[in-house]
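These numbers come from a predicted model, not from an experiment.
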Amino acid sequence: MLLLISPDGVDEALDCAKAAEHLDIVDVKKPDEGSLGANYPWVIREIRAAVPAGKPVSATVGDVPYKPGTVAQAALGAAVSGATYIKVGLYGCVTPEQAVEVMRGVVRAVKEHRADAFVVASGYADAHRIGCVNPLALPDIARRSGSDAAMLDTAIKDGTRLFDHVPPDVCAEFVRRAHDAGLLAALAGSVRSGDLGELARIGTDIVGVRGAVCEGGDRDAGRIRPHLVAAFRAEMDRHVRDHAAAVPQG
């Protein structure tokens, strides 16, 4: 499993840089603008400069409306600013067709600029609360649009978590559908260390966290700390090893 950490600005990114050996992707977002809130282009550039050159930087484009042209321009802006992973929260898309249209525009805009960019179609485990596309539709949306990964997060940060809305067995189906489509599967949404056993069991490729590596477990009031990143990674790697050891070798 890859570990994606989401600092909210340059200062936290510097703390992520101190823990760079323990994480795989630094994700730029602006939590006060939503679950996948977009940060400023200059912040993406500054964070890109702050973390080791070999460490990929991801950027969220926002909890986007159904406005394919607007979203394509925003995604290109994130890529131009230095992000190689582009995440789009399909907040305003109420049908798979709308979501595919938005993501096709993003894929074209981003990959015409940089062919090796990695595009992530992101949906929400609590989609039923905001009226957007069903979580299990995301892998097919990503496949049809030419995206590289399908992701689930939570839209409403009210203390409920990924597994509160999409139980582990349903998440396992999400991962299976993503893998069958040749995609990576990413899961986030107030993920805690206690969830890592299930995430390893179901074959999650990327785990996204913020609150779990912040002081007091608070994604808003807390700050990311390098020692918390290191501890979370150690726990994650332990679960991956334990799962691999438990799987019969054939």
Is a side-chain N or O of [X] found less than 3.5 angstrom from the main chain of [Y], in a donor-acceptor match?
X	Y	answer
T154	A125	no
D148	V119	yes
D24	L4	no
T60	V28	yes
K29	S35	yes

Determine the minimum heavy-atom distance between [X] and [Y], stating which atoms define it.
X	Y	answer
V191	A212	O-CB, 3.3 Å
I202	P168	CG2-O, 4.0 Å
G89	Y124	CA-OH, 3.2 Å
A178	P139	N-CB, 3.7 Å
G203	V175	O-CG1, 3.6 Å
P56	Y85	CB-CE1, 3.7 Å

Residues [X] and [Y] bridged, charged N to O under 4.0 Å:
X	Y	result
R177	D180	no
R225	E215	yes
K157	D32	no
D195	R192	no

Within the 4.5 Å heavy-atom criterion, are [X] and [Y] side-chain neighbours or not?
X	Y	answer
C171	L187	yes
K30	Y40	yes
M103	R144	no
L90	C132	no
M151	I206	no

Rounded to the nearest 0.5 Å, what's the gap from [atom1] on [X] to [atom2] on [Y]? Could you check?
X	Y	atom1	atom2	result
L162	T204	CG	OG1	8.5 Å
K111	I86	NZ	CD1	10.0 Å
M1	L199	CE	CG	6.0 Å
L152	S122	CG	OG	8.5 Å
Y66	T95	OH	OG1	7.0 Å
L183	L138	CG	CG	10.0 Å

For E21, all residues meeting side-chain contact (heavy atoms from CB on, under 4.5 Å), sequence neighbours excluded
none
Evaluate whether atom CD of Q73 has more than 12 neighbouring non-hydrogen atoms of other residues, nucleotides or ligands under 6.0 angstrom away.
no
Y91 atom OH, over 12 foreign heavy atoms within 6.0 Å
no
So, using salt bridge (charged side-chain N to carboxylate O under 4.0 Å, His left out) as the criterion, who are the partners of R45 when residues are at least two apart?
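R45 satisfies salt bridge (charged side-chain N to carboxylate O under 4.0 Å, His left out) with no other residue.
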With sequence neighbours left out, which residue pairs that include part of [range] fulfil the salt bridge (Lys or Arg N to Asp or Glu O under 4.0 Å) condition?
range	answer
residues 112-127	R108-E112, R114-D116, D126-R129
residues 68-90	D27-K87
residues 93-102	none
residues 48-64	none

Report the C-alpha distance between V209 and I5 in whole Å, list the side-chain angles of each, state the deciding distance to 0.1 Å, and finish with yes or no for side chain to side chain contact (heavy atoms under 4.5 Å, CB included).
CA-CA 5 Å; V209 299; I5 303 287; 3.4 Å; yes
Could you state whether [X] and [Y] fall into the same hydrophobic cluster, counting links through intermediate Ile, Leu, Val, Met, Phe, Trp or Tyr residues with side-chain heavy atoms under 4.5 angstrom apart?
X	Y	result
F174	F163	yes
V207	L2	no
L136	L184	no
V88	V57	yes
L36	V71	no

CA sep, side-chain torsions, deciding dist, call: R233, D237, salt bridge (charged side-chain N to carboxylate O under 4.0 Å, His left out)
CA-CA 6 Å; R233 181 53 180 258; D237 288 347; 3.0 Å; yes
Worked verdict on V133 versus Q98 for side chain to side chain contact (heavy atoms under 4.5 Å, CB included)
CA-CA 9 Å; V133 290; Q98 289 181 346; over 6 Å; no
Please walk me through it: do W42 and V10 pass side chain to side chain contact (heavy atoms under 4.5 Å, CB included)?
CA-CA 10 Å; W42 51 89; V10 178; over 6 Å; no
Identified salt bridge (charged side-chain N to carboxylate O under 4.0 Å, His left out) partner of E12 from the options R210, K18, R223:
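Single pass found, and it is R210.
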Take I224 and C16, measure what side chain to side chain contact (heavy atoms under 4.5 Å, CB included) needs, and give me the verdict at the end.
CA-CA 7 Å; I224 291 173; C16 287; 4.2 Å; yes
